[in-house]
Amino acid sequence: MLTSGGDAPGMNAAIRAIVRKGISVGLEVLGVQRGYAGLIGADFLQMGLSSVADVIQRGGTVLHTARSEEFRAPEGRARAVENLRRHGVEGLIIVGGDGSFRGAQALGAAGVAAVAIPGSIDNDIYGTELSIGFDTAVNNVVEAINKIRDTASSHERTFVIEVMGRDTGFIALYAGLAGGAESILIPEVPFSLDEVCDRLVRGRDRGKRHSLILVAEGVGSGIAVGEEIRRRTGFETRVTVLGHLQRGGSPTATDRYIASLMGARAVELLVEGRPGKMVGMAGGGVVERDLTEVIGRKKEFDPALYQLALTLSV
Ligand code: ADP
């Protein structure tokens with residue numbers, strides 16, 4: 001197994017599940033360090049039952065992750081495939097995002113039995129309601145919102161909080177709904193700063209002591225949004241860029257839960273001889289999707305959820 005692309009809290013729970021489920025059905029389990037780079041470098045670790053003791057509560061990934069340009073080239077992948085063959089590897093589980101899945105597909109084309117698990121704090125992977133790391137990231141943002149609310153209401157300030165999400169606004173939307181943000185600016189929904197400012201003024205006129213605006217990084221800089229709001233409204237505005245605080249910390253119960261279920265199911269798929277799949281979550285349970293159906297597809301965005309967040313934070 002390997003973890004690849006951006007790290008996500010909960011990846012360790014998946015590693016633990018793969019090791020222990022694998023050993024329970026009589027498999028030998030190897031961990032590849034640093035994603036596809038470690039596959040090319042044959043950086044393999046024998047994983048025993050106790051190798052994953054005490055990791056379920058840790059953020060990041062104990063196998064480390066990396067991006068590998070070399071793996072994108074056929075020569076790099078040929079070395080990876082050769083290393084797998086030499087070590088007698090019969091199946092590979094890849095935890096990562098869309099790019100990592102493309103790598104898994106390329107390995108599949110070269111005859112490697114590969115199964116993928118979605119790990120992405122952005123939750124931008126098609127075919128699964130949840131990806132490992134998203135719930136922890138959202139909770140990290142909500143925790144930050146709670147703290148900022150305290151100071152915002154004490155001083156009657158407007159706060160702009162920039163969160164992760166280059167192409168998708170799922171973190172901003174879920175955290176904005178759960179944290180009661182007045183406005184949520186995300187790449188999926190065109191917005192006008194005039195409207196954002198009107199909401200702020202209307203809120204102030206109704207007696208609101210503070211306002212929070214969540215900005216997904218994909219729509220631009222939170223600092224620029226904050227400055228423009230200050231210029232247009234004259235409100236005292238503060239900007240917080242949460243940055244990497246969002247990916248860190250101990251994974252939530254939900255992330256550990258889904259990672260455990262998905263890890264175990266991925267092992268079962270390999271044992272059943274059904275590679276080329278991604279395991280995901282839908283309707284509260286584990287589902288399987290063909291990798292070919294998942295890769296390159298954009299995850300659906302629910303405009304009703306966005307509307308609800310605005311309605312509730314009036
Ligand atoms: P993520 O998996 O989080 O989307 P990346 O897009 O950076 O992260 O992909 C992780 C790694 O997957 C890359 O560094 C590269 O080694 C591999 N990869 C990405 N796209 C491809 C591709 N089209 N073919 C083969 N390998 C790929």
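Residue E90 qualifies as open at atom CD: its count of foreign heavy atoms under 6.0 Å is 12 or below. Counting heavy-atom neighbours within 6.0 Å of E272 CD, excluding the residue itself, gives a total above 12. In this structure, R204 places its CZ atom where more than 12 heavy-atom neighbours from other residues, nucleotides or ligands lie under 6.0 Å away. Under a cut-off of 6.0 angstrom, the local environment of CZ in F235 is crowded, with over 12 non-hydrogen atoms contributed by other residues, nucleotides or ligands. No more than 12 heavy-atom neighbours from other residues, nucleotides or ligands sit within 6.0 angstrom of CD1 on I223.
The shortest distance between side-chain heavy atoms of V95 and M1 does not fall below 4.5 Å. Inter-residue side-chain proximity for S68 and I40 is flagged as met; some heavy-atom pair is nearer than 4.5 Å. With contacts defined as side-chain heavy-atom distances shorter than 4.5 Å, the pair I18/I117 qualifies. At least one side-chain heavy atom of K298 sits under 4.5 Å from a side-chain heavy atom of T168.
Between the side chain of D43 and the backbone N or O of A37, no donor-acceptor pair lies under 3.5 Å. Formation of a donor-acceptor pair under 3.5 Å by the Q246 side chain with backbone atoms of M164 is found in this model. Of the possible polar contacts, one joining the T65 side chain to the G5 backbone as a donor-acceptor pair under 3.5 Å is found. Although no hydrogens or angles enter the test, the distance criterion places a donor-acceptor pair under 3.5 Å between the side chain of Y36 and the main chain of A104. Remark: the backbone N or O of V241 is not paired with any side-chain donor or acceptor of E162 at under 3.5 angstrom. Remark: the backbone N or O of P251 is paired with a side-chain donor or acceptor of R256 at under 3.5 angstrom. With hydrogens and angles disregarded, a donor-acceptor distance shorter than 3.5 Å links the side chain of E129 to the backbone of G283. In this structure, the side chain of T61 does not engage the main chain of N12 through any donor-acceptor pair within 3.5 Å. Not one N or O on the side chain of D124 forms a donor-acceptor pair closer than 3.5 Å with the backbone of D167. E188 contributes a side-chain N or O that, together with a main-chain N or O of G169, makes up a donor-acceptor pair within less than 3.5 Å.
We find the CD1-CG distance between I145 and D150 to be 12.5 Å, quoted to the nearest 0.5 Å. In this structure, the separation between OG1 on T233 and CZ on R199 is 14.5 Å, given to the nearest 0.5 Å. Distance check, rounded to the nearest 0.5 Å: NE2 of H64 to CG of L2 gives 13.5 Å. Rounding to the nearest 0.5 Å places CG of D122 at 11.5 Å from CG of D98. Rounding to the nearest 0.5 Å gives a distance of 14.0 Å between CG of L27 and CE of M47. A distance of 8.0 Å separates CD1 in I121 from CG in D7, rounded to the nearest 0.5 Å.
G133 and A8 make their closest contact through CA-CB, 4.0 Å (heavy atoms, listed as atom of the first residue, atom of the second, distance). Here the shortest heavy-atom pairing between L200 and S211 reads CD2-CB, 3.2 Å. Across every non-hydrogen atom of G226 and V239, the tightest pair is CA-CG2, 3.9 Å. When all heavy atoms of F44 and G38 are compared, the pair lying nearest together is CE2-O, 3.8 Å. Taking both residues in full, the closest heavy atoms of L39 and L107 are given as CD2-CD1, 4.0 Å, listed atom of the first, atom of the second, then distance. Nearest approach of K299 to Y126, heavy atoms of both residues: CA-CD1, 4.0 Å.
With sequence neighbours left out, Y306 forms a ring pair (Phe, Tyr, Trp, His ring centres under 6.0 Å) with no residue at all. Residues passing the side chain to side chain contact (heavy atoms under 4.5 Å, CB included) test with P118, sequence neighbours excluded: F101, I125, T128, S131, M262, M278. Here D290 pairs with K277, T292, E293 under the side chain to side chain contact (heavy atoms under 4.5 Å, CB included) rule; sequence neighbours left out. With sequence neighbours excluded, the residues satisfying side chain to side chain contact (heavy atoms under 4.5 Å, CB included) with P275 are A113. Scanning for salt bridge (Lys or Arg N to Asp or Glu O under 4.0 Å) contacts around D194 gives R232, with sequence neighbours left out. R16 pairs by the side chain to side chain donor-acceptor pair (under 3.5 Å) definition with nothing, not counting sequence neighbours.
The residues E288 and R274 are annotated as salt-bridged, a charged nitrogen and a carboxylate oxygen being separated by less than 4.0 angstrom. Here E82 does not pair with R79 in a salt bridge; the nearest charged N to carboxylate O distance is not below 4.0 Å. Between E70 and R72 there is no salt bridge, since no side-chain N of the basic residue sits under 4.0 Å from a carboxylate O of the acidic one.
For T136 and D255, the side-chain atoms include at least one donor-acceptor pair closer than 3.5 Å. The closest side-chain donor-acceptor pair between N83 and R86 falls under 3.5 angstrom. Residues R20 and S260 bring no donor and acceptor atom of their side chains to less than 3.5 Å of each other.
Grouping the Ile, Leu, Val, Met, Phe, Trp and Tyr side chains by contacts below 4.5 angstrom, directly or via other members, places F71 with L30. Following chains of ILVMFWY side-chain contacts shorter than 4.5 Å, one cannot reach L269 starting from V89, and the two form parts of different hydrophobic clusters. Grouping the Ile, Leu, Val, Met, Phe, Trp and Tyr side chains by contacts below 4.5 angstrom, directly or via other members, places L185 apart from V189. Note on V141 and L177: same hydrophobic cluster, where clusters join Ile, Leu, Val, Met, Phe, Trp and Tyr whose side-chain heavy atoms are under 4.5 Å apart, directly or indirectly. Hydrophobic clustering of Ile, Leu, Val, Met, Phe, Trp and Tyr side chains at less than 4.5 Å, counting indirect connections, keeps I213 apart from L310.
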Fill in: Step-by-step side chain to side chain contact (heavy atoms under 4.5 Å, CB included) determination, V163 to V215
CA-CA 6 Å; V163 302; V215 180; over 6 Å; no
Discussion item. Side chain to side chain contact (heavy atoms under 4.5 Å, CB included), that's the test. Do I15 and V55 meet it? Break it down for me.
Written reply: CA-CA 9 Å; I15 293 169; V55 303; 5.8 Å; no
Practice prompt. Test E156 against K208 for salt bridge (charged side-chain N to carboxylate O under 4.0 Å, His left out), laying out the working first.
Written response: CA-CA 8 Å; E156 298 198 13; K208 270 200 172 201; over 6 Å; no
Practice prompt. For I258 and I132, run side chain to side chain contact (heavy atoms under 4.5 Å, CB included): C-alpha distance rounded to whole Å, both residues' side-chain angles, the deciding distance at 0.1 Å, then the answer.
Written response: CA-CA 7 Å; I258 65 166; I132 294 171; 4.3 Å; yes
Item to complete: Go through Q57 and D54 one step at a time and tell me if the side chain to side chain contact (heavy atoms under 4.5 Å, CB included) criterion holds.
Response: CA-CA 7 Å; Q57 80 283 11; D54 226 15; 3.3 Å; yes
Practice prompt. Given salt bridge (charged side-chain N to carboxylate O under 4.0 Å, His left out), test E69 with R67 step by step and report yes or no.
Written response: CA-CA 7 Å; E69 281 310 308; R67 297 205 152 86; over 6 Å; no
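Ring orientation note: the planes of F170 and F134 are nearly perpendicular, at an angle over 60° on the 30°/60° scale.
Separation of the F159 and H210 ring centroids does not fall under the 6.0 Å cut-off.
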